[in-house]
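Since the structure comes first, as structure tokens, the remarks are kept for the end.
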Amino acid sequence: MPLFAEPALQTCPFRLSVINDEISQDFEHSCSVAAHDFGLSWIELRGMWNKNITDLSAKEVDESRKILEKYRLRVTDIASPLFKVDWPGAPLSSKGERRDQFHADADFKAQDGVLERSIELAKAFGTRRIRCFDFWRLDDQKPYRAAMNQKLREAAARCEKDGMILLLENEMSCNTATGAEAAETLAAVTNSNFMLNWDPGNAAAAGETPYPNGYKLLPKDRIGHCHCKDVVRKPGGGYEWAPVGGGIIDWRGQFRALAKQGYKEAVSLETHWRGAGTPEASTRISIKGLKQDLESDGLGC
């Protein structure tokens with residue numbers, strides 16, 4: 001059940017949101033900024049008080065619920081670190097990519113517990129959506145792909161027992177990184193409650209043109225969440241994060257396409273860019289760019 005009633009009037013086609021720790025580790029401050037300064041009704045939960053959300057105590061969960069009530073914020077999903085681990089028995093990737101842990105350090109054997117905890121948290125925070133990943137990227141995933149798909153199927157089946165939706169995020173450091181790879185994983189893992197957390201920024205960081213190229217490959221009815229960030233290409237190769245609207249991603253085209261397909265779930269700002277000096281200052285710039293792109297498309301957000 002939601003923590004409070006749905007507003008009677010919704011002018012935005014999406015659940016415009018921000019990941020809380022992209023503002024601050026002080027959860028009340030993050031909620032105040034999101035609600036009062038950004039004018040949001042939704043927030044995505046990943047970490048607070050220098051803890052991953054899955055490590056919060058019962059007291060901290062209760063306190064965070066009270067803060068959400070105070071600022072009348074609803075939770076889009078639990079941005080858990082589920083399956084952001086090495087696949088057992090597989091050789092480690094030679095790419096040495098940066099691995100964003102967000103205060104999570106559980107190994108593969110602990111993942112069933114991470115899933116159970118994420119389901120508990122989803123119930124506590126009034127959401128049905130839990131984010132996961134496709135294991136740290138391998139140089140050659142083919143020998144392990146069938147087993148990884150089966151693990152994702154089993155996790156989705158466990159979520160279904162409690163009416164939960166499992167959202168796979170395409171992540172450049174994991175085995176599903178792009179729209180093309182996401183389409184393949186979704187085709188293999190057919191559970192109806194297994195959906196995609198579409199992240200065009202991550203796809204661009206992996207070398208894909210996310211919109212329109214990656215997006216056109218996706219089964220549109222299985223996009224269940226969307227992360228918003230931006231990217232620039234470095235002259236010598238590679239990428240850097242950028243403020244939303246200041247990179248290479250055609251966010252205006254992506255927003256139009258999502259609205260046209262009837263997408264009504266979250267568009268959640270995951271800034272990553274730190275060019276303004278602090279997470280909060282950088283996120284303030286990116287939310288402005290995000291809203292400008294939405295407004296340019298005539299979307300009342």
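If you read the sequence from its start, that first residue is 1, and numbering goes on from there.
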Is a side-chain N or O of [X] found less than 3.5 angstrom from the main chain of [Y], in a donor-acceptor match?
| X | Y | result |
| --- | --- | --- |
| Asp230 | Gly245 | yes |
| Arg15 | Ala266 | no |
| Arg153 | Thr190 | no |
| Asn175 | Leu138 | yes |
| Asp162 | Met164 | no |
| Asn52 | Asp55 | no |
| Arg233 | Ala204 | yes |
| Asn20 | Phe27 | no |
| Asp77 | His225 | no |

Any heavy-atom pair between the side chains of [Y] and [X] that's under 4.5 Å?
| X | Y | result |
| --- | --- | --- |
| Asp107 | Pro88 | no |
| Met48 | Ser64 | yes |
| Asn170 | Leu196 | yes |
| Arg137 | Glu181 | yes |
| Val33 | Phe38 | yes |
| Tyr211 | Pro200 | no |
| Leu218 | Arg222 | no |
| Leu299 | Pro13 | yes |

Apply the test salt bridge (charged side-chain N to carboxylate O under 4.0 Å, His left out) to residues Glu28 and Lys66: give CA-CA distance (whole Å), side-chain angles for both, the deciding distance (0.1 Å), then the verdict. CA-CA 10 Å; Glu28 178 150 13; Lys66 290 176 182 176; over 6 Å; no
Carefully, step by step, assess Trp87 and Trp136 under the rule side chain to side chain contact (heavy atoms under 4.5 Å, CB included). CA-CA 7 Å; Trp87 184 257; Trp136 291 124; over 6 Å; no
Are [Y] and [X] connected into the same hydrophobic cluster when the rule is that any two of I, L, V, M, F, W, Y join if their side-chain heavy atoms are below 4.5 Å apart?
| X | Y | result |
| --- | --- | --- |
| Leu168 | Tyr144 | yes |
| Leu82 | Ile165 | no |
| Leu258 | Leu16 | yes |
| Tyr71 | Ile43 | yes |
| Val244 | Leu40 | yes |

Let me confirm one number: the [atom1]-[atom2] distance from [X] to [Y], rounded to the nearest 0.5 Å.
| X | Y | atom1 | atom2 | result |
| --- | --- | --- | --- | --- |
| Leu115 | Ser80 | CG | OG | 7.5 Å |
| Asp199 | Arg131 | CG | CZ | 9.0 Å |
| Asp37 | Arg284 | CG | CZ | 4.5 Å |
| Trp49 | Glu63 | CH2 | CD | 5.5 Å |
| His272 | Thr283 | NE2 | OG1 | 10.5 Å |
| Glu116 | Cys159 | CD | SG | 8.5 Å |

Check against salt bridge (charged side-chain N to carboxylate O under 4.0 Å, His left out), Glu295 and Lys291: CA-CA 6 Å; Glu295 289 166 5; Lys291 287 190 172 186; over 6 Å; no
Might you work through the salt bridge (charged side-chain N to carboxylate O under 4.0 Å, His left out) test for Arg46 and Asp21, ending with a clear yes or no? CA-CA 7 Å; Arg46 184 171 62 196; Asp21 58 8; 2.7 Å; yes
For residues [X] and [Y], report the shortest heavy-atom separation together with the two atoms involved.
| X | Y | value |
| --- | --- | --- |
| Ala188 | Asn149 | CB-ND2, 3.3 Å |
| Ser118 | Ile78 | O-CG1, 4.2 Å |
| Ser286 | Pro243 | OG-CA, 3.3 Å |
| Thr178 | Ala206 | CG2-CB, 3.7 Å |
| Glu171 | Phe133 | CB-CD2, 3.8 Å |
| Gly246 | Val232 | O-CG1, 3.7 Å |

Applying the side chain to side chain contact (heavy atoms under 4.5 Å, CB included) criterion to Asn202, which one of Glu208, His227, Lys229 satisfies it? Lys229
For Asp134, which of Lys151, Lys84, Arg145 qualifies under side chain to side chain donor-acceptor pair (under 3.5 Å)? Arg145
So does [X] pair up with [Y], basic N to acidic O under 4.0 Å?
| X | Y | value |
| --- | --- | --- |
| Asp112 | Arg117 | no |
| Glu22 | Arg274 | yes |
| Asp293 | Arg252 | no |

Does Phe255 form a side chain to side chain contact (heavy atoms under 4.5 Å, CB included) with Cys226? I'd like the steps, not just the answer. CA-CA 10 Å; Phe255 291 144; Cys226 181; 5.7 Å; no
Does any donor atom in the side chain of Thr271 or Ser282 lie under 3.5 Å from an acceptor atom in the other side chain? no
Please check if any side-chain donor atom of Glu60 sits under 3.5 Å from a side-chain acceptor atom of Ser57, or the reverse. yes
Ile285 vs Trp273, side chain to side chain contact (heavy atoms under 4.5 Å, CB included): CA-CA, chis, key distance, verdict: CA-CA 10 Å; Ile285 291 172; Trp273 174 71; 3.9 Å; yes
What is the ring orientation for Trp198 with Tyr215, classed by angle as parallel under 30°, tilted 30 to 60°, or perpendicular over 60°? tilted
In terms of ring plane angle, is the pair Tyr263 and Phe14 parallel, tilted or perpendicular, where the classes change at 30° and 60°? tilted
Candidate pair Gln261 and Asp221, rule side chain to side chain contact (heavy atoms under 4.5 Å, CB included), full reasoning: CA-CA 9 Å; Gln261 79 173 58; Asp221 61 345; over 6 Å; no
For the aromatic rings, using the six-membered ring if either is Trp, is the centroid distance between Phe83 and Phe135 under 6.0 Å? yes
